[in-house]
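Contents: one structure, followed by commentary.
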Amino acid sequence: AVHGCGGVGLSAIMIARAAGAGVVAVDIDPQALELARGLGAAVAIDPRAARDVPAAIKDATGGGAHVSIDAIGRPVTCENSVRCLRPQGRHVQAGLLAGDDATPPLPMDVVVGRELEILGTHGMAAHRFAPLLTMITDGRLAPEKLIRRSISLGDVPGALMGMDEGHPPGMTVMEHP
């Protein structure tokens, strides 16, 4: 399960599909969910329509996700990611929980009861890039499908300042002049 279909979440979906996983995508943006489906997500869940996201994921996966990634970094997505796991599943916290959200309450009864693993990540270390580059070379990954907008160097400050505002799903890249 991937909670959040921005750049990190869509990348996770693409990599998970390339590795043979069935993926459930979760996002409130219909365009992001459509893009996630196009990248191979078998199921797309809009939390505004699903009253209970963990239950919807459990139904879609026949008992819960083996791995769930919070690619957003909000208390609700972190909790939903933990609660949607099957026994001995793994929660991966990729989205940064900052400010008032930095210390979310976690359902430790679920973590202990289901013997879950909780992992945090800042990304992949450079020495581990080789397998991903091979997957790109042999066509199993197509990162260009994630790119939806190109900007110039001068547009970067404004793009960074507007990251919390709505924007089209997918990734933005800076082009060299």
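Since we're looking at a predicted model, the values are computed, not measured.
R86 places a side-chain N or O within donor-acceptor distance of the main-chain N or O of T61, the cut-off being under 3.5 Å. A donor-acceptor contact shorter than 3.5 Å links the side chain of R17 to the backbone of A21. Although no hydrogens or angles enter the test, the distance criterion places a donor-acceptor pair under 3.5 Å between the side chain of R148 and the main chain of K145. The backbone N or O of T77 lies less than 3.5 Å from no partner atom in the side chain of S81, so there is not a single donor-acceptor pair.
Within 6.0 Å of the CG atom in D100, the count of heavy atoms belonging to other residues, nucleotides or ligands does not exceed 12. Counting heavy atoms of neighbouring residues, nucleotides and ligands inside a 6.0 Å radius, atom CZ of R90 does not exceed 12 of them. Atom CD of E144 has more than 12 neighbouring heavy atoms from other residues, nucleotides or ligands inside a 6.0 Å radius. The environment of R114 atom CZ is dense: over 12 non-hydrogen atoms of other residues, nucleotides or ligands sit within 6.0 angstrom. Within 6.0 Å of the CZ atom in R48, the count of heavy atoms belonging to other residues, nucleotides or ligands exceeds 12.
Taken from CD1 in I118 to CG in L106, the straight-line distance is 5.0 Å, to the nearest 0.5 Å. Interatomic distance, I13 CD1 to C5 SG, rounded to the nearest 0.5 Å: 4.0 Å. Here the straight-line distance linking atom CZ of F129 with atom OG1 of T134 works out to 13.0 Å at 0.5 Å rounding. Separation of atoms CD1 (I15) and CG (L39) is listed at 11.0 Å; rounding is to 0.5 Å. Between the CD1 atom of I72 and the CG atom of N80 there is a distance of 9.5 Å, given to the nearest 0.5 Å.
M124 and M14 fall within the same hydrophobic cluster, defined by Ile, Leu, Val, Met, Phe, Trp and Tyr side-chain heavy atoms under 4.5 Å apart, directly or through other members.
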Begin from the C-alpha positions of R149 and I151 and carry the test side-chain contact (heavy atoms from CB on, under 4.5 Å) through to its verdict. CA-CA 7 Å; R149 184 170 72 136; I151 60 173; 4.3 Å; yes
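Paired with S68 under the rule side chain to side chain donor-acceptor pair (under 3.5 Å), one option of Q93, H91, H3 passes, and it is H3.
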